[in-house]
Structures are given as C-alpha cells and as structure tokens.
Amino acid sequence: MSSFINHHFYPSVCTSKHALPINPTSPFYLGIPNFRQKSRFMHLTPRCFSRQIDPLDKQKKRSFSVKECAISLALAAALISGVPSLSWERHAEALTSPVLPDLAVLISGPPIKDPEALLRYALPIDNKAIREVQKPLEDITESLRVAGLKALDSVERNLKQASRALKNGKSLIIAGLAESKKDRGVELLDKLEAGMGELQQIVENRNREGVAPKQRELLQYVGSVEEDMVDGFPYEVPEEYQTMPLLKGRAVVEMKVKVKDNPNVDNCVFRIVLDGYNAPVTAGNFLDLVERHFYDGMEIQRADGFVVQTGDPEGPAEGFIDPSTEKPRTIPLEIMVEGEKVPVYGSTLEELGLYKAQTKLPFNAFGTMAMAREEFENNSGSSQIFWLLKESELTPSNANILDGRYAVFGYVTDNQDYLADLKVGDVIESVQAVSGVDNLVNPTYKIAG
C-alpha cells in the first residue's frame, strides 16, 4: 500500500544546517531522517551515530488550515480503522505541506527494484520488440527464487520465450537502432543470440549457479542495444537552465570509500550510473562536481540505516561555492514523469496535483541516488546527495512519499549492499568518472578559478 501523508506527518530530506526540534503537538512522529542539520544525527538503528539535537534550535511554526486539519484527522481515523500501521519514531519531526487527497495509488504488477532494470526502462525509447526480449530475461531472477534444480525448468521457459521474441522481432529491433549506432547494435544482437545458446547449455547441464552471471551478461547486451536506439538527446532543456552543466546522456562514476572500524569491509568501490536523459541538470551538476574532485576526501555525514548522505562542505556554506563566481550554485528540482518527454522543473508533483503520476526514476532500488534540498525551497539543491537504503511503509517501491519530491538522478549498480555498512566519518577517497564525460556540456570545472 502506498500512503500519501501530508507534511504534518513526515519530515523532509533537506540540507539546512539547523535541525527543527520535535513538534510536541503532532499526533505522530515518523522515523525518517531529517536532513535539515549539518552535524547532528538521530539514532534510529544500532549501527548509527547518535547525538542530541541542540535544544537552542528554534522551532519553525506553520499555521494549520482547516482543510489540512480535516485531512490530518481523516488520515488518523484511517490509520486506526485498518490501514497498516506506519513506523513512527519519537525523534522525528512533524512538518506541514500541501495536502494530498488520495491515500493510495494502485500499482499494476510487482514493482521493479533492480537498478539496472530501472535504468533500461528509463531510456527514451519505444520499441516493443526489444522489451519482449528483455522481460523474460529479467523474469529469470524470479524463477531462481524456487529452491534447488526445479528452478531450472522455469528458467528454461523464460529463455525460450526470450529466444522466440528475439527471432521474431529482430528486424524490428534493428530498425529501431539509431543509424550511427546500427553496426554496433547488430553486433550486440549477435552476441545476445549466442549468449542465449550458452545459457541454454548451462540449463541443460543443470548448472544452477551458472545461470545468474550469464543472465546479467545477456541483460547488459539488451541494455546496450536499447541505448543504441537513442539518437541524440531527445528534448530541449528549458532556456533558463541551458547554460548550466548538463549531462545529455548517461555517465558512470566509481566512488571509492575508506570504511573505518569494520573488520569485514575496508575499501569499497561503488559503481553509479548517472541518468542524464531524465535528469540532465541534476546529473550534470553532480558530474561537474565530480570532475572538480569536490567529493574527494569528504566524509559520510549521515548513515542511519535509512539513508546515506554526504556533500555538505566544511564552513558555513551548505553547498558548492563556485570559485570562479564566488557565489553558491543551486539547481532546480527536476522530475521526469512517466509518459512525458520533458522533466518538470521547480515544482513537486504534489504541488502540480499529479498525485498518481509515476516518475521515470523512482525510489525503488536499494541505493537510489538523489539530490537533497531545503525543506521549503524546491530549487535549492547544490551538492548534498543521498542514497536511499530502507524500504518502509512510507517508501514502498513504485509509490512512496519521496517520489516526485526529490530529484533522482542515478542508481548504484555494483556493491550497493555495502552502502548499509557505511558510517558517519567513513571517508570518500575519490569519485571518478569512468565513462560518459563526453556527454557533459557546459562543464564549469574547466574554467579557471
């Protein structure tokens, strides 16, 4: 179930250095971290760093409208009368925001949680034939949930379906390739076809352990073919943002973290895919900071089991100060909605009344990467970033309170499970781009200063 809760009931993912204290008049407190603090962290799980909130911080007061109160009471009644209980915590604050009239969103089919699958579906393409190859190959993951060698019977059915789809739809897939990438795409399809034969042999040999690695290889071929269907950047970024660093395509970065005080993990390298097709401004801003080595040597600043956060520089600034202008750089909230060709800028989907809209880059996967911002300032993102870890009642995949409120711009695709082992004080030794830098336009890191 997806519960739409107004801001009386949940805190935000923000960047201010001062934490709001607990609102003692609010009926519920939600165990979601509040990013409106620089060096103060709430204790939510045994692995977390804990420090008391400064009692001198002043409470921000907002008035309740009659309509908001009515919705709040209705929600409370719904919770008591049968809606699954939510995970409320004493330490979380209660905030206010525009009211959401719907309490649930109907989701068709199980949510997609695999980050690489999310990235494949987020590509700006419309080719049914390749999707019909992709889907049964992805379904192999579900087939492998069956214990023992019985799973291989389901895997074989998935494989036959994918092979049939490739045979019947190959000409349509080739027709969908961008002209400049057609030769490479055809070569990848040949590798995909050969790989399917190899997977068939693995199944016939009853080698269950060999299935998953080969499946991932085949899906990487599929994803590459789909990327070769994108011919240039598919839309114009609004004029007011065209001079900002923009990622017009995708890029891959590797983040190396030095993990302290953990005998099981030392150095860990996280592979992150940045999606500029759906978040060109947000992804471009981050990649530009990566090329400036902005994050190198920075500590993890929040790690509470729900999110991992970093990006707040030393000193009074809450974000990146461009040395060439000596001014802070902020970026707009940027959300791509399913079915639209251009992202929404400057407004949450809630503010636009798009209560049931689905985002192209949802908070579905463990390690979803997004831009933090000020609580009441949509266009205040700068350098603070976070990765979502915990799936709770308020963050179910496909419909949660973060979708449409914060700009997702990438996913961790390798070693994402180790994000849960990071702690406050662990050091980001480096973040380096390994591909896609040529898709970055208007880079400022090349400007002296």
Side-chain angles (χ1 to χ4, degrees), residues 12-15 32-33 35 112-123 245 247 249-257 268-291 294-296 298 300-312 319-320 331 333-336 343 359-373 381-391 395 397 400 402-422 426 428 430-436 439-440:
S12 59
V13 183
C14 304
T15 62
I32 292 180
F35 284 3
I112 300 171
K113 299 182 181 182
D114 177 66
E116 294 185 280
L118 290 168
L119 287 163
R120 286 189 288 270
Y121 282 110
L123 285 166
L247 182 61
R250 286 186 173 166
V252 177
V253 301
E254 291 184 349
M255 181 174 72
K256 184 178 181 181
V257 181
C268 191
V269 178
F270 300 94
R271 182 179 186 270
I272 305 169
V273 178
L274 309 177
D275 188 352
Y277 289 123
N278 295 290
V281 177
T282 314
N285 173 72
F286 175 76
L287 186 56
D288 190 64
L289 293 178
V290 166
E291 291 299 290
F294 175 83
Y295 298 98
D296 294 2
M298 188 172 285
I300 298 298
Q301 296 156 351
R302 174 176 286 267
D304 53 21
F306 182 77
V307 296
V308 170
Q309 182 201 4
T310 192
D312 189 352
F320 170 64
I331 60 172
L333 179 63
E334 182 179 46
I335 309 290
M336 180 69 90
T359 59
K360 288 284 282 186
L361 298 176
F363 280 93
N364 280 20
F366 191 98
T368 299
M369 184 178 187
M371 180 64 64
R373 62 176 176 82
S382 181
S383 61
Q384 294 194 48
I385 54 176
F386 68 96
W387 294 271
L388 181 68
L389 307 183
K390 183 177 176 61
E391 184 175 26
T395 59
S397 298
N400 63 71
L402 300 180
D403 285 335
R405 298 174 185 270
Y406 298 94
V408 174
F409 61 99
Y411 296 98
V412 180
T413 59
D414 280 342
N415 289 328
Q416 58 266 45
D417 289 347
Y418 287 107
L419 285 168
D421 292 302
L422 299 186
D426 288 344
I428 299 173
S430 64
V431 185
Q432 295 182 330
V434 296
S435 68
N439 292 326
L440 180 64

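Everything numeric in this text was worked out from a predicted model, so none of it was measured.
A distance of 9.5 Å separates CG of Asn400 from CZ of Arg405, quoted to the nearest 0.5 Å. Here Asp403 contributes atom CG and Ile335 contributes atom CD1; the two are 8.5 Å apart, rounded to the nearest 0.5 Å. Taken to the nearest 0.5 Å, the CD atom of Gln432 stands 7.0 Å off from the CG atom of Asp296. If you take CZ on Phe386 and CG on Leu402, they are separated by 6.0 Å, rounding to the nearest 0.5 Å. The distance from atom CE of Met371 to atom OG1 of Thr282, rounded to the nearest 0.5 Å, is 6.0 Å. Between the OG1 atom in Thr368 and the CG atom in Leu118 there is a gap of 7.0 Å [rounded to 0.5 Å].
In this structure, Ala433 and Glu291 approach most closely via the heavy-atom pair CB-OE2, 3.5 Å. Here the closest non-hydrogen pair linking Gly319 and Ser383 is CA-OG, 3.4 Å. Here the shortest heavy-atom pairing between Ala251 and Leu287 reads CB-CD2, 3.9 Å. Summarising the geometry of Pro280 relative to Glu334, their closest heavy-atom pair is CD-OE2, 3.1 Å, with the distance given to 0.1 Å.
In this structure Phe409 satisfies the ring-ring contact (aromatic ring centres under 6.0 Å, His included) test together with Phe286, sequence neighbours excluded. Ile428 is linked by a side chain to side chain contact (heavy atoms under 4.5 Å, CB included) to Met255, Val257, Ile300, Thr310, Val431, counting only residues two or more places apart in sequence or in another chain. Not counting sequence neighbours, the partners of Lys256 by the side chain to side chain contact (heavy atoms under 4.5 Å, CB included) test are Asn267, Val269, Glu429, Ser430. Listed by chain and residue number, Phe294 satisfy the ring-ring contact (aromatic ring centres under 6.0 Å, His included) test with Phe320 (two or more places apart in sequence, or in another chain). Thr413 is linked by a side chain to side chain contact (heavy atoms under 4.5 Å, CB included) to Pro115, Glu116, Leu119, Arg271, Val273, counting only residues two or more places apart in sequence or in another chain.
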(request) Quick one: do Tyr295 and Val253 satisfy side-chain contact (heavy atoms from CB on, under 4.5 Å)? Show the steps, please. (result) CA-CA 12 Å; Tyr295 298 98; Val253 301; over 6 Å; no

(request) Take Tyr406 and Phe363 through the test side-chain contact (heavy atoms from CB on, under 4.5 Å) and record every step on the way to the result. (result) CA-CA 9 Å; Tyr406 298 94; Phe363 280 93; 4.0 Å; yes

(message) Is there a side-chain contact (heavy atoms from CB on, under 4.5 Å) between Leu274 and Leu247? Walk through the geometry before answering.
(response) CA-CA 8 Å; Leu274 309 177; Leu247 182 61; 3.8 Å; yes

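Considering Val281, Leu440, Ile331 as possible partners of Pro245, the one that fulfils the side chain to side chain contact (heavy atoms under 4.5 Å, CB included) test is Leu440.
Judged by distance alone, the side chain of Asn278 and the main-chain N or O of Ala122 form a donor-acceptor pair under 3.5 Å. Not a single donor-acceptor pair under 3.5 Å links the side chain of Gln416 to the backbone N or O of Gly367. Looking at Asp114, its side chain does come within 3.5 Å of a backbone N or O of Ala117 through a donor-acceptor pair.
Two residues are said to be in side-chain contact when any heavy atoms from C-beta on lie closer than 4.5 Å; Pro343 and Lys360 fail this criterion. Side-chain contact check for Phe366 versus Leu389: some heavy-atom pair is nearer than 4.5 Å.
Counting only residues at least two apart or on different chains, the salt bridge (charged side-chain N to carboxylate O under 4.0 Å, His left out) pairs with a member in residues 274-289 are Arg250-Asp275, Asp288-Arg292, Asp288-Arg329.
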